[in-house]
Each structure stands twice: as structure tokens, then as C-alpha cells.
Amino acid sequence: MWDAIVVDPITNLLLLFYSLLNGQTLLAVALLTVLIRLAMIPLTIKQQKSMQQQRKLQPKLKIIQEKYKNDQERLGQEQMKLYREAGVNPASGCLPLLIQLPLMLGLYRAIIRALAATPLGLLELAPHIYRVDWLPNLSALLPLQSQFWWLDLALPDPYYILPVLVVITSWIQQKLISAMTPTTASSKDDQAQAMTQSMQVTMPLFMGFVSMSYASGLSVYLVISNLVGIFQYYLIGQSDDDDVAE
Amino acid sequence: MKFWQNISTRSRSQLALGCLLLMLLVTFTGCSGAARAESWPGLLVQADILYVANIDQVQAFDVQSGETLWTFPAEPDAKSGFYSTPVLDEKRELLLVAGLNDQTVHALRLGDSHDQTPGLAWEFSGAGGQYVGEGVIAGDLFLIGNGDGKLYALNLADGSLAWTFATQDRIWATPLVVDELVYVASLDHHCYALSLESGAEQWRLGTTGAIAVSPVLAGGHIWLGNFGDQIYQVDPQSGAVVWTFEGGASWFWATPLVSESTIYFADVGGEVFAFDIASQELLWRTSIDAIFRGRGVFNVDGTQLLLPAHERGLIYALDAETGDRLPWGEVLENPGRLPGNLVTDGERVYAAPIMISTRVQAFAVSNGRELWQYPVAEEK
């Protein structure tokens, strides 16, 4: 089900790009990553707007928190009232993430699958390739040409260049995300801040570990995805600063 | 709940972060992207001994009883892995096995008695990639393709390199030797004809897809299928295409079976085709809900084809004349998968499933009854 709805279409799209780009695997991965990230921009903007709105409410929230610090039930009611009056749904930031995450994981799986390095991997890929008249014969393209400079895109980068790039770009992206996260001085937000700070270090390291362990085609995807994310968050951050200035 | 309230803010955030990372780790590692120990075991039956190159060992079995005669290496080594089927050099009493991950050809010197563990005659580790396809013996040479795109010709006497020939992509197919020419197919979409003596290229044929099928000789022509869903009949001397079949619907990966007048191709999409060798006429075509990758075998009198279906782990019996399915064997409770080739000694047919604990199965050719399996099944 997951394969048929998410992974198979992305896999076939990757093969189609590979065909259109004259057998350039790296370019096909890059183009697909950029397009999927661009397609998700409306969701990301919605998520960021929700965060911005929450940030604007922080001063009022702070007053409420101070006022009802000894009455948790009332505090909750007043916070919800404030959100309702401002037309903000505090959970709305999560919905785009719920849509983005399967897509990004689907893209990851499609890349790993399409870059099958072993015969068994290739055999398992065969039934997932579309065979329709209006598409070129995508299955005839396999196995993909995986050699690019020093890299075999189907294998981990032996010189750790891509894992380093993944860590750096992940760290910058996390830094930009954390800069947009609403901050207050309450104990609950201490928790959120601690979480954000931990994420800022742990996520890039985790991504670096993933990059070292898996096909370098996946690292290409991670680096490009991070770069698009950095650009996106930078632009959103700029517009946010303009709003504040106004 | 009280426990949650009692732990510090920092600990809570670390716990939540840990859970998130664990979730991501499970997601990533559960998606089959990491290197895994895998193989499709190669089988060879000769003089009442079944040789199996499996995921972690090469083993010899007594075909009657299924008793293990010896293993190489003595202890299983999951890091090595074997796709390549063993090859027997009867003249020198060598068993040649090539590892997937150790990228080495091992020549095992067989002992005087069947149950004697073989010694190592020589090793060749000069290749830069994985061995997937089976090798072939031609005179004093052992020819085998490698994942580095090269065909290696090794002197059987000592494993020294006689010559190499480079293609543009991996070689997963078994070379075919006819007279003084070697035919080798590559994933670079080409089939090459080389001089057996020097490895010099005589001709090359470009096709519409990668070629993982081993070329076969039938009716004086070379036949091969490819990942472009096509079958080619080629003149062995000039490389000129005599005839092409473009009605395929999936990859041709299983080596075709050849009888006196008919050649049979089975594809990854489950289609089986029978062509008259002389006229190229399509005699019959049948469709089965299966994936055919491994080479099948004929029954004793050649009236049935037995084909291993990868995903379902079943062996299908087809009437060689009509393509009709015939009753054969029984549905096993847990069949595993069958990507590798079947072999037969006329009396029994042997299969080596993967992804289950059973490594080797022997069935009666006549009716498909299971005769033995290794390891022996536990009593229920």
C-alpha cells in the first residue's frame, strides 16, 4: 500500500528524469529532490506562518502564564481562548509535517531502491516499474549508471565528503529552524528550547551517520534537500524580519 | 504520569529526542537500504555430490541422503556471500568458487575421497568488484565476469591472470565459449565476442537494455535476452542480428533452456515463451503470476520444463510441447524464495531457497515430492 501510493510513483518519476537527463543519475536525484521540496513549499509556508503567529502571541501568553501560574486548569483555558481569538491553531504546525514526512521518506526509499547495487535488489525493483504505453520503457534503463567522479552512487562515499556536507547543511538548517521557534521564559518552553537545542546538534550528527551508512545517492538527496530548506527558511526569516520592522 | 512529572525538563527533552531518533533509525534501517548479507545460492551436481555456494559457505552434500560432506570455510562467514555458482574442473580436480564481497576466486583442490575437506590450490583477488555470474572452463583457462566490468581469464594451473577484457558496466552473465570465441554479455547493453586466446575483441552487439542473461548456442546461433524485453538471435561469427523478438513484456534474466528443436525463455514478469530454433516461430506463450530469474531444468525425457519462481518459492512444471501447467510437487508451508538456478541429476531436482532457514531442498523429478532438505526440518 505504502509502496504503491508513495514509493512507486516517486521511483518511476526518478527513472523518467534519468531518461530525460540522458542517464545522469546524480542530476535526476537532484532534480527530483528539488521538485518535491518545491511542491511542499505551500505546506512549509503554512507551517512557518503558524509558528510566526504563535511567536507574535508570545508576549500575551507570557502575561497569562504569569497571571495563572498557580492555576494550571485556568492557564490552559486562557491560552486556548487567546489562540481562538487570534485565529491560531497551535497544532496546525504539525499537519504539514505529517504530509511532508511520508513524502520525504518515500523519496528516500525510491532513491535507495532505484540505485540497487546487487542483483537481488534489482530483481526486487523490477515489479515496481510502470509499464504503460505513454511512458518510455523505464525498465530498460536499469540498472542506473551509478558512477559519478569518485562516487559510486549506489555505495557509501569512501572519502566521507558527502557525510561532512550533510552534517554541515543539516546543522545550518536546524539553526535556521530554531531561530524561528517561539521562545518564552516559562518552564514548558524551557523544555521546548532544550529540545530544539538538542535537535540542533543531534539531528545533523544522526544525518551524518545515515549518510555514512547508506548509498551516496541518498547523501546527494540529503544535501540538496537541506540546501533547498536553508534557502526556504532564509527567505521566510527575511520576510518575518520585514514584518517585525513594519 | 507522576514519573513524567518528576523527571527534569532536560531529561524529558532528551527522552523525547531519543524517541524521535529511534523512530528515524528504525525507519531508515527498516527500509532495506543498508548493505545486507545476501546471495542466490549456486548449485552444481556432479558424480553424486551436490556443491552449494551459499550466503556464508560452500558446502558439499551427498545427493542420496543430504548428508553434509564438507564445508568451506570451516566456519560460516556471512561477510563473504556467494552469488556465483561453483564450477568443477574435473581434469585438475578443482572446484572454483567466487565470492561476492571478498571479490576473490578460490580454487579448492578436491580430495581423493568425497568427504575430505578440500585444500586451497590458489586464489585470485585481482578483481575490483563482486562476482555474481558463474564462470566457465575453456581449455586451461577459467573465465569469469566481475562487477568491475571486466572479464577475467585465469590460468587454471596456478590462478595467474592470462588476460582481461573491460566492458563499461558490471558482468553478471556466464560467458559462453564456442570453438575459439568467448561471448560475454554486460550490463552496459552489449554482447562481446572475444578471442579465447588473447581476449581481443572480434565484434560487439549493442542492444536496447542491460544483458544479465547468459548467451546460449542453439541451432548454430547465439541467443540472448535483455532488460529491454527483447530476444536476439545472432550470427556467432559476425555478430549480425539474424532475428529479434520484440513481443516481450519484461526483463529476460533467466538463462534460456534449449532442447533439440525448441528454445524456452522465461521472463521476470512471469511469461514463458517457446520458439522453434530453426524458424524462430513462437510455438506457445504462457503467463504465470510469478517472477522467473533462475534457470529451470527439463525432466528426464524432456517433456516437462521445471521453472523456479523467485517470489513465491514454487517450482512450476510446464508441458514442453504446449506450455500447459502440470501438477508437480506440493505447496510447501514455508517455501522461501527461489532466485537461483535449479539443477538436476536426472533423478532429483535441487533448489536452494533464500530468506528461510532451509538452505537446500531435493525433490523427486518425477513428481516433485520432497526427498530431503538441509538443515533437517525439526520434528513438529
Side-chain angles (χ1 to χ4, degrees), chain A residues 2 7 101-102 104-106 108-113 115-127 129 131 137 139-147 152 154-156 186-203 205-207 209-210 213-215 217-218, chain B residues 8-18 20-21 24-25 27-29 31-36 38-40 81 83 100-101 129-130 132-133 147 149 168-170 172 187-189 207-210 212 226-230 249-251 253 267-270 291 293 310-311 337 339 354-355:
Chain A
W2 158 252
V7 186
L101 206 60
M104 297 315 285
L105 290 176
Y108 148 75
R109 275 214 64 184
I111 291 169
I112 291 290
R113 185 198 263 174
L115 283 169
T118 64
L120 200 54
L122 204 58
L123 187 60
E124 286 167 359
L125 168 64
I129 309 303
R131 289 174 171 276
N137 186 356
S139 71
L141 303 169
L142 294 166
L144 300 186
Q145 183 53 253
S146 59
Q147 212 63 39
D152 183 339
L155 300 172
S186 79
S187 64
K188 268 190 181 171
D189 291 314
D190 274 352
Q191 185 180 326
Q193 272 180 28
M195 177 95 167
T196 308
Q197 278 170 1
S198 302
M199 289 282 276
Q200 212 171 298
V201 177
T202 325
M203 277 306 281
L205 290 178
F206 176 74
M207 287 302 168
F209 164 75
V210 167
S213 314
Y214 292 82
L218 181 69
Chain B
S8 69
T9 299
R10 191 171 183 79
S11 303
R12 275 189 227 174
S13 65
Q14 281 171 349
L15 199 61
L17 183 65
L20 177 70
L21 290 178
L24 282 171
L25 193 67
T27 309
F28 274 81
T29 51
C31 287
S32 71
R36 56 181 176 179
E38 63 174 55
S39 77
W40 47 53
Y83 267 80
L100 182 77
N101 295 322
Q130 299 172 325
V132 168
Q168 299 303 307
D169 206 333
R170 291 155 279 185
W172 286 355
L187 297 189
D188 70 3
H189 299 199
T207 75
T208 55
N226 71 356
F227 284 6
D229 313 341
Q230 298 194 347
S250 194
W251 293 349
W253 200 340
D267 74 19
V268 167
I291 294 174
R293 201 310 300 179
H310 163 60
E311 206 158 22
R337 293 184 182 186
I354 60 168
M355 297 181 186

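Just so it is clear: chains get the letters A, B, ... in the order the sequence lines come, proteins before strands, and each one is counted from 1.
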Engaged part of A/P156 at the chain B interface, taking heavy atoms whose separation is under 4.5 Å: neither
Steps toward side-chain contact (heavy atoms from CB on, under 4.5 Å) verdict (B/R337, A/L120): CA-CA 11 Å; B/R337 293 184 182 186; A/L120 200 54; over 6 Å; no
Where B/L187 and A/P143 come nearest, the two heavy atoms and their spacing: CD1-CG, 3.6 Å
Interatomic spacing from CG in A/N137 to CZ in B/F227 - rounded to 0.5 Å: 12.0 Å
Option in B/Q230, B/R170, B/Q130 with maximal non-hydrogen atom pairs under 4.5 Å from chain A: B/R170
Contacting moiety of B/I354, where chain A heavy atoms sit under 4.5 Å: side chain
Proximal component of A/L122, with respect to chain B [non-hydrogen, under 4.5 Å]: both
CZ on B/R293 to CD on A/E124, rounded to 0.5 Å: 13.0 Å
Chain A interface, residue from B/V132, B/D229, B/D188 that has the most non-hydrogen pairs under 4.5 Å: B/D229
Shortest non-hydrogen separation from B/W251 to A/S139 and the atoms involved: NE1-O, 3.0 Å
Interatomic distance, B/D169 atom CG to A/L144 atom CG [nearest 0.5 angstrom]: 10.5 Å
Inter-residue atom distance A/Q147.CD - B/Q168.CD, 0.5 Å rounding: 11.0 Å
Check: B/E311 and A/L123 side chains under 4.5 Å, non-hydrogen atoms: no
B/S250: partners by side chain to side chain donor-acceptor pair (under 3.5 Å), with sequence neighbours left out: none
Portion of B/A212 that has a non-hydrogen atom of chain A nearer than 4.5 angstrom: neither
Contact summary for B/W253 and A/P119, nearest pair of heavy atoms: CH2-O, 3.4 Å
